[in-house]
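Notes to accompany the following structure.
Each ligand, and each atom within it, is numbered from 1 in the order the structure gives.
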Amino acid sequence: MASVLGIETSCDETGIAIYDGFRGLRASFLHTQVDMHAKYGGVVPELASRDHVTHIVPLIHSALAKAQMSLQDLSAIAYTEGPGLLGALLVGSCVGQSLAFALNIPAVGVHHMEGHLLAPFLEDDKPSYPFLALLVSGGHTLLVHVRALGVYEVLGESVDDAAGEAFDKTATLLNLPYPGGPKLAALAALGHPEAYVLPKPLCDRPGLNFSFSGLKTAVLQLTRTLNMTEDTVKADVAASFQKAVVDTLFIKCERALKQTGLTQLVVAGGVSANHALRARLKSLGVQLYFPRPEFCTDNGAMIAYAGWLRFKNGERHSNVIHPRARWPLASLTPPAFL
Ligand code: KG4
Ligand code: ZN
């Protein structure tokens, strides 16, 4: 049964994992660069690339040791080919392609968002095709009609900031340390979500697109009228902001489910770790599928799994190193055997 090494280096996490078709996930290691970027208040691309270079090979050794395997036991190498930071992607792409070349096995370039989309398949309770997917990360907010592996119709997307980006930027406005999203969510749990009414952009008109940049501006204006040194006020603003995002995502999911008649909803990407979002989506009354919390944010396991699935279904890539900063999910096609 095929064993695939997965390499994720699209942003600020070096993720390495091994997925085996018979035994499932054999190893998953993550090195996060959060502390390194924290003093700059955001990801510094050049530092991210250099740090991937430092950690990628030791993590591959750790994953092989955990899985009690050698390089010769691998059937293919999967790596994130895009979208993401070009220099960061280049590290994973070069290591992935070089390893595959040296071992004379196939390399599979994986779309990062397809990795997120497939992450719930690593759990015992798996969705079945077709389903609706809400992908909410730091770079993307997408509603996707998933007909099969590689057959994706994007029904809606953000016209400006992604949901995670809105969390991060609003966290900065509230003087929360980087990375802001999870810290804002933790603060929101202490506040009243009804304290302030914030806009739910694009919810009052038809369509499935999202817009979150106006919400961030509304928070900025609101904070200018409040005493933000009061901890309770800050928590109330965080809770009200989170409610506006969660309500918006809920409304669009409800609309998309009605429009498509789909009865399963997959929610993935960093923001899918958000407890308020998870709780609210339960009231949609459809079957919900989430990755486990550590596989909501970037990780190697989702890339190993997506690569294994495509490899198993006949996908073979040439030995070309071609990282892509931008890569529309809808341009993907199914692997050869599907
Ligand atoms: O999927 P991911 O790790 O990276 C990208 O592909 O972008 O998502 C990271 C994003 C960040 O914007 C982060 O603030 C957000 O996910 N995030 C959260 C939570 N955990 C991570 N946002 C809200 N609530 C959370 N609990
Ligand atoms: Zn991601």
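The proximity of E13 to ligand 1, defined as any non-hydrogen pair under 4.0 Å, does not occur for either the backbone or the side chain.
Closest to atom 10 (C) of ligand 1 among all protein heavy atoms lies G138 N, 3.5 Å. Protein heavy atom at the shortest distance from atom 24 (N) of ligand 1 is N274 ND2, 3.0 Å. Closest to atom 22 (N) of ligand 1 among all protein heavy atoms lies V271 CG2, 3.8 Å. The shortest contact between atom 11 (C) of ligand 1 and any protein heavy atom is with D168 OD2, 3.5 Å.
Between the K169 side chain and the S213 main chain, no donor and acceptor come within less than 3.5 Å of each other. Although no hydrogens or angles enter the test, the distance criterion places no donor-acceptor pair under 3.5 Å between the side chain of N209 and the main chain of S158. Without hydrogens or angle criteria, E315 side chain to H317 main chain gives no donor-acceptor distance under 3.5 Å. A donor-acceptor pair is defined here as one N or O able to donate and one able to accept, closer than 3.5 Å; such a pair exists between the side chain of K234 and the backbone of L174.
Checking only distances, T297 never comes within under 3.5 Å of ligand 1, N or O to N or O. In terms of polar-atom proximity, defined here as any N/O pair under 3.5 Å, G270 does make such a contact with ligand 1.
Within the listing of ligand 1, atoms 14 (O), 20 (N), 21 (C) sit less than 4.0 angstrom from a heavy atom of P182. Contact atoms of ligand 1 toward H112: 6 (O) (distance under 4.0 Å to a heavy atom of the residue). For ligand 1, the atoms closer than 4.0 angstrom to any heavy atom of G164 are 12 (O). Atom numbering of ligand 1 starts at 1 in the shown order; those under 4.0 Å from a heavy atom of S137 are 1 (O), 5 (C), 6 (O), 7 (O), 8 (O). Near H116, meaning under 4.0 Å from one of its heavy atoms, ligand 1 places the atoms 1 (O), 6 (O).
Metal site remark for the Zn ion (ligand 2): C11 contributes no N, O or S atom at a distance under 2.8 Å.
Atom CG in L187 sits 12.0 Å away from atom OG1 in T170 (nearest 0.5 Å).
Within the 4.5 Å cutoff, the side chain of L143 has heavy atoms near those of the F210 side chain. In this structure, the side chains of L284 and E254 come closer than 4.5 Å at one or more pairs of heavy atoms.
Proximity of the aromatic rings of Y196 and F241 is defined here by a centroid distance below 6.0 angstrom, and this criterion is not met. Taking the six-membered ring where the residue is Trp, the centroids of W308 and Y305 are separated by under 6.0 Å.
Of the listed options D161, N299, D298, D298 places a heavy atom closest to atom 3 (O) of ligand 1.
If you check the side chains of H31 and Q33, you find no donor sitting under 3.5 Å from an acceptor. If you check the side chains of D160 and S211, you find a donor sitting under 3.5 Å from an acceptor.
Heavy atoms of G139 approach ligand 1 to within less than 4.0 angstrom.
In D298, the N, O or S atom that comes nearest to the Zn ion (ligand 2) is OD1.
Considering the Zn ion (ligand 2) as centre, the angle to NE2 of H116 and to NE2 of H112 is 100° (10° rounding).
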